[in-house]
Participant: 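Take this structure first; my questions come after.
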Amino acid sequence: MFKITEDCLENKQFTEYFSSEAKKGTEEFEQLIKKFEAGPQYKFRMRDVDEVVYFIGYSDDNTKKSGFDPFDMYGEYYGCFDIQYLNDKGEYERL
């Protein structure tokens, strides 16, 4: 699960949740949100080929297993080229 918290192009703050595990509006989706909010979250950003940041958000996974979900489910649609996660050193690192 992940949430987008900032649309950098429109300069808008928001929280929209996404999951490949359950459909929005279902009880299962609501349970995933509760689990997500209670667990660790990893900050990410998605950029275009010119390295312009389009979106910033948080994911429950920063590994190759499901760390690409924000990019696959959201970023590609908007023309994002990569996804980067904030590492322990405070630097963004491409997944």
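Bear in mind the structure is a predicted one, so any value in this text is a computation, not a measurement.
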Participant: Going by the salt bridge (Lys or Arg N to Asp or Glu O under 4.0 Å) test, which pairs reach into residues 72-95, not counting sequence neighbours?
Facilitator: Arg47-Asp82, Asp82-Arg94
Participant: Scan for side-chain hydrogen bond (donor to acceptor under 3.5 Å, both in side chains) pairs involving residues 48-57, sequence neighbours excluded, and state none if there are none.
Facilitator: Asp48-Tyr54
Participant: Do any pairs count as a salt bridge (Lys or Arg N to Asp or Glu O under 4.0 Å) and have a residue in residues 22-36, sequence neighbours left out, and if so which ones?
Facilitator: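 Applying salt bridge (Lys or Arg N to Asp or Glu O under 4.0 Å) to every pair that reaches into residues 22-36, excluding sequence neighbours, yields Glu16-Lys24.
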Participant: List in chain and number order the residues that pass side-chain hydrogen bond (donor to acceptor under 3.5 Å, both in side chains) with Tyr78, two or more places apart in sequence or in another chain; answer none if no residue qualifies.
Facilitator: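 Testing Tyr78 for side-chain hydrogen bond (donor to acceptor under 3.5 Å, both in side chains), a comparison that skips the adjacent residues, returns none.
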Participant: Show me the pairs that pass side-chain hydrogen bond (donor to acceptor under 3.5 Å, both in side chains) and involve residues 3-13, at least two apart or across chains.
Facilitator: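 Applying side-chain hydrogen bond (donor to acceptor under 3.5 Å, both in side chains) to every pair that reaches into residues 3-13, excluding sequence neighbours, yields Lys3-Glu37.
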Participant: When rounded to the nearest 0.5 angstrom, what is the spacing between CG in Leu95 and CZ in Phe44?
Facilitator: 11.5 Å
Participant: Less than 4.5 Å apart, side chain to side chain, heavy atoms only: is that true for Cys80 and Phe71?
Facilitator: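 Yes, side chains in contact.
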Participant: How does the hydrophobic cluster around Tyr17 look, that is, which other residues are in it when side-chain heavy atoms under 4.5 Å mark a link?
Facilitator: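 So far as hydrophobic clustering goes, Tyr17 is joined with Met1, Phe29, Leu32, Ile33, Phe36, Tyr58.
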Participant: Hydrophobic cluster mates of Leu86, side-chain heavy atoms under 4.5 angstrom, ILVMFWY only, any path?
Facilitator: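 Answer for Leu86: Tyr92.
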Participant: Is there a side-chain contact between Tyr85 and Ser59 (heavy atoms, below 4.5 Å)?
Facilitator: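 Contact flag for Tyr85/Ser59 side chains = yes.
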Participant: What residues, two or more places apart in sequence or in another chain, satisfy side-chain hydrogen bond (donor to acceptor under 3.5 Å, both in side chains) together with Thr26?
Facilitator: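 For Thr26, no residue satisfies side-chain hydrogen bond (donor to acceptor under 3.5 Å, both in side chains) once neighbours in sequence are set aside.
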Participant: If you take all heavy atoms of Ile83 and Gly67, which pair is closest and at what distance?
Facilitator: CD1-O, 3.7 Å
Participant: Mind checking who shares a hydrophobic cluster with Phe81, ILVMFWY linked at side-chain heavy-atom distances under 4.5 Å?
Facilitator: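 Answer for Phe81: Val49.
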Participant: Among residues at least two apart in sequence or on other chains, which ones pass side-chain hydrogen bond (donor to acceptor under 3.5 Å, both in side chains) with Ser66?
Facilitator: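 In terms of side-chain hydrogen bond (donor to acceptor under 3.5 Å, both in side chains), with neighbours along the sequence ignored, Ser66 is linked to Asp61.
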